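See below for the structure under consideration.
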Amino acid sequence: MSRIYADARPGHSENLLARFPVVLALFNGAGGRMLLCCPGLPAEEAPPVPAVYQYLKALAHSTVAMHEIALCADADPAALAGFADTVEQGLTTLPDLALDPETARAATAVLVAVRAFLSTPRTPGSATTEELEDFGRSCAPHVVVLMEKAAAVQVNHWMSVLDQWHLLLGPSGFDSVHAAVNTLYVTRRKNILFTVLAQYLGQRAIGDRLLLFETPEFTTTPEQMLDLMTRVVADRNLGRAFFGHGQVMDVEILGDAAVHAIRTRMLQRARTPVLPALAPYDSHQWPWPTDPSSGTTPTDLYTATALHQPRLPAD
């Protein structure tokens, strides 16, 4: 089965790209990447997020670096000196970024706080919890400003890109766009690229044409993303044929059977089972479909199969 399945996948991928526009949105540490694949055309990669986004994030993250350095009892003196030099360089060259006054004040305040903490004489790793919390509290309001400004740059950029792609494809073309975003656990519930795409594809696309792929790494490749999207879309033909609904195959096919087995064995042990809430297969909730009333299709494999009975032969 696995070999046949793998051999069939390239054909499914070609079929997907021949029928629908596809947007692939990937994390890359620089505000993300987006590619548009249109039927019959080479993939178009959008311009990157303006570099000021990376500077603002780096400024905010310098406080995190300082926190980690303060906890490290065996910190490399050369690394500490290098970090101190980088902070000084940041303060010197900050005017080159031409930031607005509020952002410039926040950036300066963060770098000054980091420099002050670095220059306080102490044995490596000896910073107390109180010192670290005081440092964190003093930086937090400025970090929030920097994050707000960075997010504004990122969101404005991607919405401008999607405005252009919407014009390129037209309303009817955009209504058929399939999109996938990769995410790591920590970015799953508030994934920025996914949330931006949801504004253009709409809530009803979530879990249907707009997919969030959780990955073990921050970064992946467009080829891997497209391969996984192809598998999801192709499996929906199997779901419809066997169980009457395509998205039955979007989740672990043994999941409902496992839930039944867990419930039975927990009751045998006189313990309360801890199980996920059942939501219809066509639920558009995000990040997790949990509301039983959020769709119109069955909520489990058994109900779907019972409703999807073979057609009786004609008399």
Side-chain angles (χ1 to χ4, degrees), residues 22-35 46 48-49 53-54 56-58 60-61 64 67-68 140 143-144 146-148 150-159 161-162 177-233 235-236 246-256 258-259 274-295 299:
V22 171
V23 173
L24 302 175
L26 300 87
F27 180 92
N28 69 348
R33 295 175 64 192
M34 276 198 198
L35 296 91
V49 175
Y53 164 85
Q54 296 182 58
L56 294 173
K57 279 192 66 176
H61 276 90
V64 179
H67 188 275
E68 294 304 305
V143 169
V144 168
L146 295 173
M147 290 294 93
E148 183 178 274
V153 171
Q154 184 185 25
V155 168
N156 180 64
H157 174 77
W158 291 125
M159 292 188 79
V161 166
L162 290 169
V177 165
H178 284 57
V181 183
N182 76 300
T183 186
L184 198 66
Y185 172 80
V186 293
T187 62
R188 175 173 52 183
R189 283 186 288 176
K190 297 183 179 180
N191 187 284
I192 297 167
L193 299 180
F194 186 92
T195 309
V196 170
L197 280 164
Q199 311 313 304
Y200 288 80
L201 274 66
Q203 184 172 358
R204 291 190 62 80
I206 294 174
D208 180 12
R209 296 183 293 113
L210 175 55
L211 305 174
L212 188 66
F213 295 149
E214 190 166 345
T215 54
E217 302 290 342
F218 270 118
T219 57
T220 185
T221 66
E223 293 76 19
Q224 290 172 316
M225 293 280 286
L226 182 60
D227 185 66
L228 187 52
M229 172 178 272
T230 296
R231 177 170 182 166
V232 171
V233 175
D235 277 0
R236 288 176 177 172
Q247 285 170 290
V248 169
M249 300 287 288
D250 280 13
V251 297
E252 169 57 65
I253 195 65
L254 290 176
D256 291 329
V259 164
V274 180
L275 298 170
L278 293 177
Y281 289 117
D282 64 347
S283 172
H284 301 293
Q285 284 185 289
W286 173 59
W288 298 286
T290 56
D291 182 0
S293 65
S294 62
T299 61

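Heavy atoms only: backbone and side chains are in, while hydrogens, waters and symmetry mates are out. Only a predicted model underlies this, so the values are computations on that prediction, with no experimental measurement involved.
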Worksheet item: Side chains of Y200 and M159: closer than 4.5 Å at any heavy-atom pair?
Response: yes
Worksheet item: Do V177 and V22 touch side chain to side chain, with heavy atoms closer than 4.5 Å?
Response: no
Worksheet item: Should we say atom CD of E252 is surrounded by more than 12 heavy atoms from elsewhere, each under 6.0 Å from it?
Response: yes
Worksheet, complete the sentence: Nearest heavy-atom contact between L197 and A179 is CD1-CB, 4.2 Å
Worksheet item: Does the side chain of T195 reach to within under 4.5 Å of the side chain of Q199, using non-hydrogen atoms?
Response: yes
Discussion item. Tell me whether Q203 contacts the main-chain N or O of A198 through its side chain, where contact means a donor paired with an acceptor under 3.5 Å.
Written reply: no
Practice prompt. Write down the atom of T219, the atom of F27, and the distance for their closest heavy-atom approach.
Written response: CG2-O, 3.7 Å
Discussion item. Could you check whether any side-chain heavy atom of P222 comes within less than 4.5 Å of a side-chain heavy atom of R33, counting everything from C-beta outward?
Written reply: yes
Practice prompt. Grab the two heavy atoms, one from F218 and one from N182, that are nearest each other, plus how far apart they are.
Written response: O-ND2, 2.9 Å
Fill in: T220 side chain reached by M225 side chain, heavy atoms, under 4.5 Å
yes
Practice prompt. Check whether any side-chain heavy atom of V23 lies under 4.5 Å from a side-chain heavy atom of L35, and answer yes or no.
Written response: no
Fill in: Least distance between heavy atoms, S294 atom then P280 atom
OG-CD, 3.7 Å
Practice prompt. Mind listing the closest non-hydrogen atom pair of M34 and A25 along with its distance?
Written response: CG-CB, 3.9 Å
Worksheet item: Taking all atoms of both residues into account, what is the closest heavy-atom pair of F213 and A180, and its distance?
Response: CE1-CB, 3.6 Å
Worksheet entry | Note, I206 side chain near F194 side chain (heavy atom, < 4.5 Å) | yes
Item to complete: Using the salt bridge (charged side-chain N to carboxylate O under 4.0 Å, His left out) rule, collect all pairs that involve residues 199-215, keeping only residues at least two apart or in two chains.
Response: R188-E214, D208-R236
Worksheet entry | Side-chain touch T183/T215, heavy atoms, less than 4.5 angstrom | no
